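As the structure is a computational prediction, the values presented were derived from the model and not from experiment. For ligands, and for the atoms within them, numbers begin at 1 and follow the listed sequence.
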Amino acid sequence: MKDHKVYADHAATAKVSERALAAALPFLGERFGNPSAVYGTGTDAAGAMLTARKRIAGLLGADASELFFTSGGTEADNWAVKSAAELCFAAGKRHIVTTNIEHHAVLGSCRHLERLGFEVTYLPADRDGLISPEQVSSAVREDTALVSVMLANNEIGTLQPVAQIGEICRERGVLLHTDAVQAAGHIPIDVKELGADMLSLSGHKFGSPKGIGALYVRKGLTLPPLLDGGAQERGRRAGTENTAGAAAMSEALAESLEDLEAKTARLLAMRERLIGGLLRIPGSRLNGDRQKRLPGNVNISFEGIEGEGLIVMLDMLGVQASSGSACTSFSPEPSHVLKAIGLSDELAKGSLRLTLGADNTSEDADRILEAVPKAVERLRRMSPCKF
Ligand code: PLP
């Protein structure tokens with residue numbers, strides 16, 4: 001058992017589930033056809049794409065015609081933000097509202113649009129990492145093209161009031177995009193209840209292989225393509241389809257939503273145990289709202305600790321976790337999310353993110369509760385600046 005490593009970094013990526021792998025394999029073998037081809041193997045692959053599309057759309061309360069496969073969450077976010085802006089540009093709308101805690105896929109797309117002459121309002125999250133509908137309401141203007149607010153934050157797990165923001169957007173005639181990459185498969189999602197015009201998904205966050213995602217685009221909204229080329233995805237997203245990925249993603253989403261209530265209750269109990277136990281460490285603080293957060297997210301900062309050192313030490317003690325988001329873990333900059341909610345550079349760099357999945361056990365939680373205090377204590381002892 002000592003060799004068993006605890007994996008507590010599901011927000012970075014989740015293991016491909018056995019069911020998702022089994023769903024993908026035929027399309028990497030016998031059923032290898034190109035969905036655009038008109039002969040048997042081609043139409044078989046096209047049929048599989050349609051089955052996967054219907055299944056995923058059904059799980060989100062959407063219609064199959066509203067779901068477009070992409071290469072992942074980054075592409076879905078880029079497509080939604082850049083193409084919605086392009087669409088509204090013709091009508092003279094050059095203003096975008098987003099938040100200062102979005103994933104870099106949204107923030108980078110907004111920066112790109114700023115270089116093209118768009119104006120972007122970055123709503124500041126409060127100290128718990130929340131955005132209020134009132135903030136959105138006061139930021140929307142006559143020339144606002146798009147509001148983009150994530151459903152769940154990838155670092156601190158906070159859940160935003162997207163359904164209420166959706167009502168505001170509908171009343172004011174503004175498009176709403178939500179990045180649901182961290183939420184999908186972990187909390188129930190109904191696109192109609194959210195009032196979202198566009199919603200991004202990424203398969204590898206809930207058990208399918210990397211390299212597949214999707215963008216929901218509400219019926220009636222004709223989003224210009226981000227990628228030009230062939231007529232795949234009904235002429236809206238060029239590139240030969242990832243049939244194996246689509247089949248795996250639909251299976252993984254269905255699987256992760258099965259018995260969701262029971263899985264959530266188990267994760268919540270584990271999360272609360274971890275938060276309670278880790279906050280007993282002197283000089284620690286919880287980042288993100290205590291209640292309005294993903295069931296498997298724990299994010300804690302420790303004074304006098306360097307996050308990277310903590311992650312390496314934890315790895316040696318058999319626990320794999322992260323400090324900040326995976327996409328920024330090679331960056332010496334402190335996390336923009338933790339800075340946005342008011343942490344000093346030092347505390348932002350001393351953060352630990354544990355993200356649990358359905359495969360984590362209470363023995364894993366025991367192991368984490370044993371390893372983290374040990375690692376923090378050792379690092380503080382080694383540090384020249386005494387805590
Ligand atoms: N949006 C959020 C909130 C994420 O957490 C991530 C990945 O971590 C992405 C977008 C990008 O997704 P992908 O890795 O599929 O490109």
Side-chain angles (χ1 to χ4, degrees), residues 7-16 20 56 67-82 98-112 122 125 129-131 148-160 162 177-187 189 194 196 198-216 226-227 237 239 242 245-246 248-249 252-253 256 287-288 293-299 320-331 335-338 340-341 351 353-357:
Y7 185 74
D9 202 13
H10 291 79
T13 198
K15 187 177 170 191
V16 177
I56 295 172
L67 196 91
F68 298 85
F69 286 106
T70 65
S71 61
T74 299
E75 184 190 325
D77 283 346
N78 271 261
W79 185 13
V81 174
K82 292 177 179 169
T98 188
T99 82
N100 62 355
I101 58 164
E102 294 300 307
H103 187 270
H104 285 292
V106 167
L107 292 177
S109 298
C110 288
R111 299 260 139 76
H112 173 85
Y122 298 92
L130 295 169
I131 301 290
S148 180
V149 175
M150 71 203 316
L151 193 49
N153 185 268
N154 45 308
E155 295 192 40
I156 53 177
T158 42
L159 301 171
Q160 304 299 345
V162 173
H177 165 246
T178 189
D179 175 340
V181 165
Q182 292 291 341
H186 303 280
I187 58 170
I189 294 180
L194 290 176
M198 292 161 282
L199 179 142
S200 305
L201 299 174
S202 173
H204 76 100
K205 305 295 186 183
F206 52 77
S208 88
K210 295 159 194 62
I212 184 79
L215 183 67
Y216 156 81
L226 178 72
L227 302 179
R237 194 276 184 185
N242 179 355
M249 183 173 162
L253 188 60
S256 55
N287 300 316
R293 68 191 302 141
L294 285 169
N297 176 289
V298 176
N299 189 313
Q320 300 178 102
S322 87
S323 180
S325 67
C327 318
T328 53
S329 61
F330 292 109
S331 155
S335 139
H336 70 285
V337 175
L338 297 179
I341 62 167
S351 78
R353 180 186 74 174
L354 299 159
T355 46
L356 309 167

Donor on one side chain, acceptor on other, Ser200 and His177, under 3.5 Å: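 Their side chains do contain a donor-acceptor pair, which is all the 3.5 Å distance test asks for.
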Pair Arg293-Thr158, side-chain donor/acceptor within less than 3.5 Å: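 No donor-acceptor contact under 3.5 Å links the two side chains.
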Closer than 4.0 Å to some heavy atom of [X] - which atoms of ligand 1 meet that?
X	result
Asp77	1 (N), 10 (C)
Thr74	11 (C), 12 (O), 13 (P), 16 (O)
Gly72	15 (O)
Ser202	13 (P), 15 (O)

Min heavy-atom dist Lys205 to ligand 1 below 4.0 Å: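 For ligand 1, residue contact (heavy atoms, under 4.0 Å) with Lys205 is present.
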Ligand 1 contact by His204, heavy-atom criterion under 4.0 angstrom: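 His204: in contact with ligand 1 (<4.0 Å).
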How does [X] reach ligand 1, by side chain, by backbone, by both or by neither, if only non-hydrogen atoms under 4.0 Å count?
X	answer
Val181	side chain
Met150	side chain
Val106	neither

Sub-3.5 Å N/O-N/O distance, Ala11 and ligand 1: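 No; the residue has no nitrogen or oxygen that sits under 3.5 Å from a nitrogen or oxygen of the ligand.
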Closest to atom 5 (O) of ligand 1 (judged by heavy-atom distance), picking from Glu155, Gln182, Glu75: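 Among Glu155, Gln182, Glu75, the closest heavy atom to atom 5 (O) of ligand 1 comes from Gln182.
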Any donor-acceptor N/O pair, Ser335 side chain to Leu338 backbone, under 3.5 Å: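 Yes: the side chain of Ser335 pairs with the backbone of Leu338.
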Audit row: Ser109, Asn78, side-chain hydrogen bond (donor to acceptor under 3.5 Å, both in side chains) steps and yes/no: CA-CA 6 Å; Ser109 298; Asn78 271 261; 3.2 Å; yes
Any residue meeting side chain to side chain donor-acceptor pair (under 3.5 Å) with Lys210, in chain and number order, not counting sequence neighbours: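 Testing Lys210 for side chain to side chain donor-acceptor pair (under 3.5 Å), a comparison that skips the adjacent residues, returns Thr13.
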Ring centres under 6.0 angstrom apart (His336, His104):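 Judged by ring-centre distance (under 6.0 Å), His336 and His104 do meet the cut-off.
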Exercise: identify the closest heavy-atom pair between Ala20 and Val16: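 Looks like CB-CG1, 4.2 Å.
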All ring-ring contact (aromatic ring centres under 6.0 Å, His included) counterparts of His204, not counting sequence neighbours: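 For His204, no residue satisfies ring-ring contact (aromatic ring centres under 6.0 Å, His included) once neighbours in sequence are set aside.
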